[in-house]
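See structure below.
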Protein chains: 2
Amino acid sequence: MNIGEIAKRAGVSRSTVSYVLSGKRPVSDGTRQKIQRVIDELGYQPNASARALANGRTNTIGLVFPPAGNHYTGMQLDFIGNVVEAAAAKDYDVLLSPSGMDSDRSFQRLLGERRVDGAILMELRLQDDRFEHLNSVGLPAVAIGRTAHPENGWWVGLDHTALAEACVHHLADLGHRTIAFVNRPEQLLRAGYESAHRGLEGFTKAAAERGVTSRTYCCGDDASSGQACLERILYDEPATTALVTLNEAALGGLYRGLANAGRHVPRDFSVTGVVASRWAETVTPQLTAADVPAEQMGRLAVDLLVERLDHPDAPARHHLLAPPISLRASTGPAGTGPASTGPASTGPASTG
Amino acid sequence: MNIGEIAKRAGVSRSTVSYVLSGKRPVSDGTRQKIQRVIDELGYQPNASARALANGRTNTIGLVFPPAGNHYTGMQLDFIGNVVEAAAAKDYDVLLSPSGMDSDRSFQRLLGERRVDGAILMELRLQDDRFEHLNSVGLPAVAIGRTAHPENGWWVGLDHTALAEACVHHLADLGHRTIAFVNRPEQLLRAGYESAHRGLEGFTKAAAERGVTSRTYCCGDDASSGQACLERILYDEPATTALVTLNEAALGGLYRGLANAGRHVPRDFSVTGVVASRWAETVTPQLTAADVPAEQMGRLAVDLLVERLDHPDAPARHHLLAPPISLRASTGPAGTGPASTGPASTGPASTG
DNA sequence: ACCGGCTGTCGAACCGGTTCGCGTGAAGTG
DNA sequence: CACTTCACGCGAACCGGTTCGACAGCCGGT
């Protein structure tokens with residue numbers, strides 16, 4: 001069932017059917033209805049490849065996300081889901097591309113074969129060569145996150161610096177003097193992950209300002225790494241009474257480590273960080289945290305990209321978000337020290 | 001840069017370039033190298049839309065997942081990630097389609113506009129009209145899950161009946177006599193979700209066989225619903241000493257409810273169910289559960305679909321998986337009853 | 001020297017849409 | 001009634017690949 005078949009049955013030419021479909025030229029009421037009736041009867045829908053070939057637009061956007069290790073974190077999931085929904089609402093489909101590292105076949109296909117009209121980049125690095133690749137083939141892109149030089153880019157980002165600072169201030173205001181920072185895995189930090197770097201920067205700066213003792217750790221994206229990391233924290237500095245984390249996947253492990261060490265949250269130890277609310281509410285006690293507004297960010301990213309596609313010469317725009325800290329139940333005033341001793345720390349463990 | 005440009009620069013015809021690219025006809029070494037050099041210099045990649053139009057294959061598969069409510073569970077995330085990776089390994093791209101309910105635009109686009117060569121269906125219902133829609137347009141599909149009549153279908157499924165039975169037997173072997181079942185949300189059960197129905201069936205059957213007292217509950221896919229559900233369980237039957245759940249998103253809330261009620265896991269109360277290992281390991285104590293092999297399932301689904309695409313007349317195949325229960329730390333022998341009383345149950349709450 | 005077969009390449013048609021320029025017939029105007 | 005104007009629909013070209021039939025040239029065999 002192609003457009004010629006419709007034209008034949010309606011007794012008109014193919015171009016007239018096309019104009020009925022697109023509305024780009026007026027068609028008389030009589031012909032339009034005749035054609036429309038045939039279309040409805042046959043349930044005709046135009047072939048996407050042919051249309052894309054003819055008018056140069058695929059009505060598809062690419063979502064590029066290098067996997068952090070072998071699995072995805074809850075936050076990535078939230079972004080993916082919300083981007084897909086926002087795109088669907090604007091009649092765009094979403095093509096998923098894993099990896100996106102150089103020489104990655106899937107990413108190359110997306111770009112070179114022009115399967116998509118534009119791309120949304122996740123998991124940004126401070127120096128992100130994906131932008132150059134996209135620019136070199138003229139594909140518009142919007143980032144979720146921002147590079148080291150975001151001035152003239154299209155992106156929607158989270159102010160990790162400010163959020164980490166806010167977490168430190170919150171803890172310092174509660175009287176905590178020794179605070180640990182649990183970052184994403186070292187491999188990602190080394191790769192230049194934006195959130196890891198900016199969060200670390202904000203944490204370090206605020207800790208210095210408030211004169212609190214601090215240590216920073218990298219931690220694998222899973223529960224057992226979190227547990228090991230916490231053991232290490234208490235081994236390195238038993239007087240630690242609070243931590244800030246960006247690593248939502250390790251959160252369960254951090255809590256387990258605290259429980260094993262006999263530190264009660266929030267009485268003996270406070271935990272906070274940057275985590276989407278639905279994950280913050282999964283742990284007990286519920287996590288006081290800056291809520292990552294994944295839905296809003298996904299929607300904004302799609303909005304920006306579609307705007308850019310519709311107006312190729314529009315000036316660059318971006319959104320920098322800094323959600324407030326939601327007070328839940330995982331932070332409290334610094335106590336006089338640990339209430340009791342749990343199992344003695346016997347030594348540090350690898351923290352991924 | 002199109003194929004004609006390459007042909008011109010190499011001094012050959014367009015068809016010869018095409019044959020170099022596809023290898024479908026022999027080309028002499030000299031010409032091949034001449035063409036290949038031009039291709040490499042210009043970094044030429046053939047246009048995906050044009051190719052799809054010409055040979056009728058998009059090299060894209062659709063992943064159809066009706067959202068359970070407004071967000072995705074960790075298990076869905078795992079499937080999506082693993083399907084995308086498995087597809088990428090076979091040089092297929094993945095197009096995501098939310099909803100997939102009737103009259104859904106995105107789903108209709110996938111089918112009618114032939115954006116994909118085939119589809120993988122997630123979140124199966126016992127009677128799933130998506131199959132009929134797909135069949136009516138001749139699109140091959142593979143399901144993750146199985147309908148009420150899976151005999152001649154292509155699918156990879158989890159034997160939820162057997163898994164739920166195994167959970168009950170495990171608990172009964174430990175001496176538990178009063179067991180609750182925490183299912184997916186009622187809305188999904190009513191919609192005919194396969195896992196919810198088969199899990200419930202297996203639970204009910206095994207509970208009857210073992211003569212244990214049981215109650216079954218539906219529970220929203222979030223932590224607060226889980227907490228409310230647990231309060232309700234203990235209100236309805238305070239003698240309950242164990243539960244089985246399919247609802248991974250509610251798990252954190254169930255644990256919180258138990259902690260609030262003063263029930264220690266596993267001393268006073270045992271918890272088990274069907275949950276992917278990486279989520280089972282997030283909670284404390286770690287969940288004894290039948291591990292959903294999401295990676296394997298994603299890979300198998302892609303393998304089946306690609307096989308079906310390559311051999312349109314191949315006989316239907318499927319894989320029914322029943323992973324064993326991984327013993328972790330959330331189940332133990334039934335005690336003599338709750339060790340102490342937590343906050344008194346004051347009444348049931350809505351459980352979503 | 002002639003013929004048959006085989007290789008390697010070409011040209012043209014085709015996939016299913018979109019878009020542009022043009023022709024036609026009806027309506028409006030002096 | 002002749003002439004412009006306009007609305008409407010048609011045909012052809014095009015997007016960028018793939019594929020098939022044909023043909024040229026070379027080889028070896030008799």
Side-chain angles (χ1 to χ4, degrees), chain A residues 1-39 42-60 91 109-117 137-138, chain B residues 1-36 38-39 42-60 91 93 109-117 137-138:
Chain A
M1 286 309 96
N2 55 27
I3 201 174
E5 184 68 25
I6 303 294
K8 193 190 305 175
R9 301 205 187 197
V12 299
S13 75
R14 302 195 305 150
S15 50
T16 305
V17 177
S18 178
Y19 288 125
V20 165
L21 253 17
S22 69
K24 293 191 179 175
R25 275 199 193 175
V27 173
S28 72
D29 271 3
T31 349
R32 167 182 294 104
Q33 286 169 20
K34 194 170 47 182
I35 294 173
Q36 192 62 52
R37 189 156 28 241
V38 177
I39 288 177
L42 273 65
Y44 166 75
Q45 288 180 265
N47 179 297
S49 301
R51 174 181 299 197
L53 175 59
N55 69 11
R57 296 200 38 166
T58 61
N59 259 267
T60 304
D91 280 340
R109 271 206 306 272
L110 228 110
L111 307 189
E113 303 186 358
R114 309 212 76 87
R115 281 175 192 266
V116 299
D117 296 333
V137 297
Chain B
M1 286 312 95
N2 56 27
I3 201 173
E5 183 69 24
I6 303 295
K8 193 190 305 174
R9 300 206 187 198
V12 299
S13 75
R14 302 196 306 150
S15 49
T16 304
V17 177
S18 178
Y19 288 125
V20 166
L21 252 18
S22 68
K24 293 191 180 175
R25 276 199 192 176
V27 174
S28 72
D29 271 3
T31 341
R32 167 183 293 105
Q33 285 170 20
K34 193 169 48 181
I35 294 174
Q36 193 61 52
V38 176
I39 289 178
L42 273 64
Y44 166 75
Q45 287 181 263
N47 180 297
S49 302
R51 170 179 298 188
L53 174 60
N55 69 10
R57 296 200 38 168
T58 61
N59 259 265
T60 304
D91 281 340
D93 284 323
R109 270 207 306 271
L110 268 199
L111 307 190
E113 303 186 356
R114 308 212 76 87
R115 280 175 192 267
V116 299
D117 296 333
V137 297

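Protein chains get the first letters and strands the later ones, always in sequence-line order, with residue 1 at the start of each.
- Within the 4.0 angstrom heavy-atom criterion, base atoms lie near A:Ser15.
- B:Asn59 is not listed as a side-chain neighbour of A:Arg109, based on a closest heavy-atom distance of 4.5 Å or more.
- Here the CD1-CD1 distance, from A:Ile3 to A:Ile39, works out to 7.5 Å after rounding to the nearest 0.5 Å.
- The CG-C1' distance, from B:Asp29 to C:dT7, rounds to 13 Å in whole Å.
- In the 5' to 3' direction, nucleotides of DNA chain D lying under 4.0 Å from heavy atoms of chain A begin and end at D:dC8 to D:dG16.
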Report task. Please test B:Leu21 against B:Tyr44 for side chain to side chain contact (heavy atoms under 4.5 Å, CB included), starting from the C-alpha separation and ending with a verdict. Result -> CA-CA 11 Å; B:Leu21 252 18; B:Tyr44 166 75; 3.8 Å; yes
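- Nearest-nucleotide positions on DNA chain C for A:Asn2 and A:Ser22 put A:Asn2 closer to the 5' end.
- Contact annotation for B:Ser18: base contact, defined as any heavy-atom pair under 4.0 Å involving a base atom.
- To the nearest 0.5 angstrom, A:Ser18 atom OG is 8.0 Å from A:Arg51 atom CZ.
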Requested in this report: Carefully, step by step, assess A:Arg115 and B:Thr60 under the rule side-chain hydrogen bond (donor to acceptor under 3.5 Å, both in side chains).
Outcome: CA-CA 10 Å; A:Arg115 281 175 192 266; B:Thr60 304; 3.3 Å; yes
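- The phosphate of C:dC10 has OP1 or OP2 within less than 4.0 Å of a side-chain N or O from B:Thr16.
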Requested in this report: Apply the test side chain to side chain contact (heavy atoms under 4.5 Å, CB included) to residues B:Arg32 and B:Ile35: give CA-CA distance (whole Å), side-chain angles for both, the deciding distance (0.1 Å), then the verdict.
Outcome: CA-CA 5 Å; B:Arg32 167 183 293 105; B:Ile35 294 174; 6.0 Å; no
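- A residue-by-residue look at A:Gly30 and A:Ala50 shows that A:Gly30 has its nearest nucleotide of DNA chain D further toward the 5' end.
- Positionally, the nearest nucleotide of DNA chain C for B:Ser28 lies more toward the 5' end than for the other of B:Ser28 and B:Asn55.
- Here B:Leu111 contributes atom CG and A:Gln45 contributes atom CD; the two are 7.5 Å apart, rounded to the nearest 0.5 Å.
- Rounded to 10 degrees, the angle separating the terminal helix axes of the helix from C:dA1-D:dT30 to C:dG30-D:dC1, each built from five base pairs, is 50°.
- Between B:Asn2 and B:Arg14 the shortest side-chain heavy-atom distance does not fall below 4.5 Å.
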